[in-house]
Amino acid sequence: MSTERKRKVSLFDVVDDTSASAKLSRMNGGAGGNGVVSGVNRWNGRPYSQTYYEIFEKRRTLPVWQQKDEFLQVLKNNQTLILVGETGSGKTTQIPQFVLEAVDIETPDKRKKMMIACTQPRRVAAMSVSRRVAEEMDVTIGEEVGYSIRFEDCSSAKTVLKYLTDGMLLREAMTDPLLERYKVIILDEAHERTLATDVLFGLLKEVLKNRPDLKLVVMSATLEAEKFQAYFNGAPLMKVPGRLHPVEIFYTQEPERDYLEAAIRTVVQIHLCEPQGDILVFLTGEEEIEDACRKINKEIGNLGDQVGPVKVVPLYSTLPPAMQQKIFDPPPPPLDELGPPGRKIVVSTNIAETSLTIDGIVYVIDPGFAKQKVYNPRVRVESLLVSPISKASAHQRSGRAGRTQPGKCFRLYTEKSFSNDLQPQTYPEILRSNLANTVLTLKKLGIDDLVHFDFMDPPAPETLMRALEVLNYLGALDDEGNLTKLGEIMSEFPLDPQMSKMLVVSPEFNCSNEILSVSAMLSEARVSSATASSGFYATSGGMNHRKLLRLMQVVAVSQFSLMKKWEAQKAADEAKARFSHIDGDHLTLLNVYHAYKQNSEDPQWCYENFVNQRALKAADNVRQQLVRIMSRFNLKLCSTDFNSRDYYINIRKAMLAGYFMQVAHLERTGHYLTVKDNQVVHLHPSNCLDHKPEWVIYNEYVLTSRNFIRTVTDIRGEWLVDIAPHYYDLTNFPSCEAKRVLERLYKKREKEREDSKNRK
DNA sequence: GAGCACTGC
């Protein structure tokens with residue numbers, strides 16, 4: 001063996017020379033006499049540099065329960081307190097209980113107690129943590145300790161400690177601007193910097209000035225502590241230690257050209273050379289994950305029964321829950337008693353970074369990428385881009401290896417690139433999003449001066465301008481930027497402003513019942529995934545067997561797999577034809593919803609018609625919530641007679657009243673241009689139209705292999721000048737084909753008016 | 001004729 005090769009190989013080895021790297025070096029040095037060895041040679045192309053790095057904070061700080069007295073003292077003397085601690089510190093369950101013991105929540109009105117609020121970014125967390133705390137305190141959930149999330153309020157007059165999502169607290173602030181029912185507010189997982197958390201930050205800073213009796217505790221992971229401290233005017237900072245095991249971090253010596261290939265190679269290396277323990281691989285999306293799973297199975301399969309058996313499990317959010325559960329299965333047993341141990345290999349998106357925790361993970365492979373949302377205010381488009389993760393995210397990923405025992409994390413990038421290229425934090429969501437909805441919420445909260453609002457990270461002025469502009473066009477804000485009556489009602493809907501607008505005006509078009517259904521279906525579109533027409537699974541082509549399997553969530557997978565691929569295909573096509581509406585996808589969604597209700601939400605019917613029952617159920621839930629809000633504002637629930645020729649026309653007009661800024665025009669060249677922005681776009685192939693309409697409204701603009709508009713419906717040019725003349729004001733319109741068409745339409749309308757005047 | 005990271009109200 002050459003010294004050169006030996007040196008490189010030994011870099012992989014940090015434990016001792018008998019395990020991983022010893023085997024590796026033997027294999028590298030070996031002549032490749034059998035399949036196993038040559039297989040390894042191929043995968044073991046590049047060596048690793050290694051650093052040893054402890055995630056586990058040395059016990060400089062006392063565990064949370066030993067700092068109780070100090071915590072309460074600091075809280076007593078300060079209005080705001082920042083508490084930092086890694087996962088497993090127990091702060092989420094302990095701190096609220098300390099507060100509860102020490103803080104006086106009695107009010108002059110003996111019947112009314114004040115509450116302590118503890119926010120979480122996710123519903124499941126709010127629910128599960130509150131349950132755990134209720135158990136620890138030996139009370140019934142929903143009584144002294146409760147939770148409140150969308151669609152479920154599990155709290156009562158007795159509740160003194162309430163867990164809720166950050167979005168829910170923000171909603172409450174809309175009706176209770178000083179949050180007067182709370183004595184202490186604890187913002188947990190603040191480092192995640194969700195949109196709602198960021199808005200709450202600025203809002204609470206104001207509220208604290210007006211409510212000297214209110215206390216705020218900001219709980220976060222360590223990395224941004226100083227920034228938080230500076231933002232909250234130098235509030236005291238306390239630390240509690242986490243309880244993670246040490247994790248060794250390895251870097252590659254050279255950058256990897258192909259991270260997918262490198263990730264698979266590393267999986268095989270670990271499987272061959274490392275002791276027992278499951279592997280977690282972070283990749284960016286569904287397709288990539290499914291591809292990687294196939295390749296890992298194949299590569300390890302090629303190694304024969306010299307190596308332990310593996311169970312490769314994909315994990316991403318659109319995977320049906322039953323299949324997500326597989327991540328909790330135990331690893332496969334060894335093939336024979338003395339054989340090498342089996343291993344579970346989870347290949348996951350970022351969902352495993354924060355939302356889902358898998359025990360038994362000892363090895364983490366981090367290629368350093370994730371899909372991230374970016375917003376381009378110039379063309380008003382949000383898109384997903386594969387981009388490098390932040391240091392904070394890399395840290396979080398490696399921590400996943402040390403939950404149950406000491407672990408290892410393999411970063412598929414160089415140490416230099418970690419320190420020089422990765423930004424310290426992921427840009428907070430508020431800097432990466434379309435803020436139309438957020439601005440509407442802020443206005444409703446009484447924040448008039450957005451420019452001087454104390455954002456921890458102020459969004460780009462252009463993004464705010466775009467949001468104000470959209471809200472002004474929708475009539476939610478007047479020309480001075482003040483919330484209108486209409487805007488006030490719109491802000492109450494948990495929907496994007498365009499959708500709220502179409503809902504609020506739908507009674508004027510005599511079709512609010514139908515618009516409610518369309519809105520609910522559109523807002524639950526993500527549940528069904530894979531087709532633009534949410535709620536049902538049919539596509540006319542390209543759908544493979546695996547995907548159909550995944551989509552059929554309501555039935556036993558085994559039953560479905562008996563169906564031959566072409567049979568499934570044919571059935572899917574027929575199902576699609578059954579619901580399809582030639583005027584557009586929105587109307588197709590409506591048809592699906594109606595059919596679902598007409599068939600009494602029958603699971604068997606859903607199965608036979610390729611309808612995603614889970615998505616429909618969720619949409620129905622949303623619809624009920626929207627109906628309640630409509631009733632609160634006395635908005636009429638009405639429908640045009642189904643046999644009237646205006647039935648669908650009214651629905652399409654109402655949709656246009658909200659979505660008049662998302663219109664595309666078919667040019668003579670045969671492609672579509674979005675109005676005003678003049679972006680070349682294509683109808684997404686999933687659309688159900690049988691023709692190319694001159695004008696369409698679209699629900700989404702997506703940038704993938706091309707610029708697509710997805711979920712489209714045919715509308716008439718005349719309606720543009722009738723329904724949204726303020727937006728289609730030609731004095732302020734870029735010169736283009738659409739403009740010339742509109743000019744003719746305006747002239748036509750003018751002539752019609754004159755004619756009717758003359759007739760009188 | 002293509003494909004959606006993750007949340008939340």
Side-chain angles (χ1 to χ4, degrees), chain A residues 119-126 148-153 164-175 189 192-200 282-291 315-319 348-356 369-374 382-387 389 393 396 426 428-429 432-433 437-438 440-441 444 490-496 499-500 523-532 534 539-544 546-547 550-551 621-622 625-626 628-629 682-689 700 702-711:
Chain A
T119 73
Q120 294 287 326
R122 282 169 291 277
R123 287 188 216 160
V124 260
S148 175
I149 58 178
R150 187 181 184 182
F151 305 127
E152 196 183 353
D153 183 4
L164 69 179
T165 51
D166 50 8
M168 202 66 196
L169 186 63
L170 199 55
R171 282 275 140 186
E172 289 188 359
M174 283 170 49
T175 48
E189 313 288 356
E192 288 196 25
R193 303 288 305 276
T194 65
L195 257 174
T197 296
D198 269 21
V199 174
L200 282 171
F282 284 101
L283 292 176
T284 63
E286 176 185 333
E287 292 291 331
E288 197 177 86
I289 286 167
E290 295 291 351
D291 187 34
L315 176 64
Y316 41 87
S317 73
T318 50
L319 205 62
S348 170
T349 60
N350 260 1
I351 192 171
E353 198 179 299
T354 46
S355 307
L356 271 170
F369 292 96
K371 273 191 189 164
Q372 287 178 316
K373 185 171 70 183
V374 286
E382 282 181 344
S383 50
L384 287 171
L385 273 187
V386 174
S387 22
I389 59 169
S393 184
Q396 178 70 25
T426 309
E429 206 185 351
R432 297 183 286 121
S433 308
N437 210 11
T438 305
L440 185 60
T441 305
K444 169 70 186 171
M490 281 167 59
S491 73
E492 295 285 332
F493 288 93
L495 303 169
D496 276 342
M499 212 184 277
S500 315
S523 73
E524 276 310 306
R526 62 184 175 191
V527 176
S528 67
S529 83
T531 66
S534 75
T539 64
S540 49
M543 183 176 277
N544 58 40
R546 176 196 60 78
K547 186 151 270 171
R550 175 169 70 73
L551 290 172
N621 211 357
V622 171
Q625 188 189 25
L626 299 179
R628 285 195 294 273
I629 301 171
H682 305 271
L683 299 183
H684 195 276
S686 62
N687 82 77
C688 67
L689 297 161
E700 273 180 299
V702 289
L703 300 174
T704 49
S705 58
R706 298 168 102 176
N707 292 353
F708 287 111
I709 49 175
R710 196 160 48 189
T711 314

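Computation of the quantities below employed the complete heavy-atom set of this structure, encompassing side-chain atoms and omitting hydrogens, waters and symmetry-equivalent molecules. Just so it is clear, the model here is predicted, and its values are computed rather than measured.
- Taking the side chain of A/Lys373 as heavy atoms from C-beta on, and the options B/dA2, B/dA5, B/dC6, the nearest nucleotide is B/dA5.
- Between A/Thr349 and B/dC6, a side-chain N or O to OP1/OP2 separation shorter than 4.0 Å is present.
- Here B/dA2 is the nucleotide among B/dG8, B/dA2, B/dA5 with the atom lying nearest to any side-chain atom of A/Pro685.
- Heavy atoms only, all atoms of each residue included: A/Phe369 and A/Ile389 are closest at C-CG2, 3.6 Å.
- Salt bridge present: A/Glu192 and A/Arg122 bring a charged side-chain N and a carboxylate O closer than 4.0 Å.
- In this model, the phosphate group of B/dT7 is not approached by any side-chain N or O of A/Thr194 to a distance below 4.0 Å at OP1 or OP2.
- In terms of heavy-atom proximity, A/Met174 sits nearest to A/Thr441 at SD-CG2, 4.0 Å.
- For A/Pro494, whose side chain is taken as the heavy atoms from C-beta onward, the closest listed nucleotide among B/dA5, B/dT7, B/dC9 is B/dC9.
- Counting non-hydrogen atoms under 4.0 angstrom, A/Arg122 reaches the backbone sugars and phosphates but no base.
- For the pair A/Arg123 and B/dC9, the criterion of a side-chain N or O lying under 4.0 Å from OP1 or OP2 is met.
- Closest heavy-atom contact between A/Ile629 and A/Pro494: CD1-CD, 3.6 Å.
- Taking the nucleotide of DNA chain B with the nearest heavy atom to each of A/Asn350 and A/Leu495, the more 5' of the two is matched to A/Asn350.
- In the set B/dC9, B/dC4, B/dC6, the nucleotide with an atom closest to the side chain of A/Tyr316 is B/dC6.
- Comparing A/Phe493 and A/Ser317, the nucleotide of DNA chain B nearest to each residue sits closer to the 5' end for A/Ser317.
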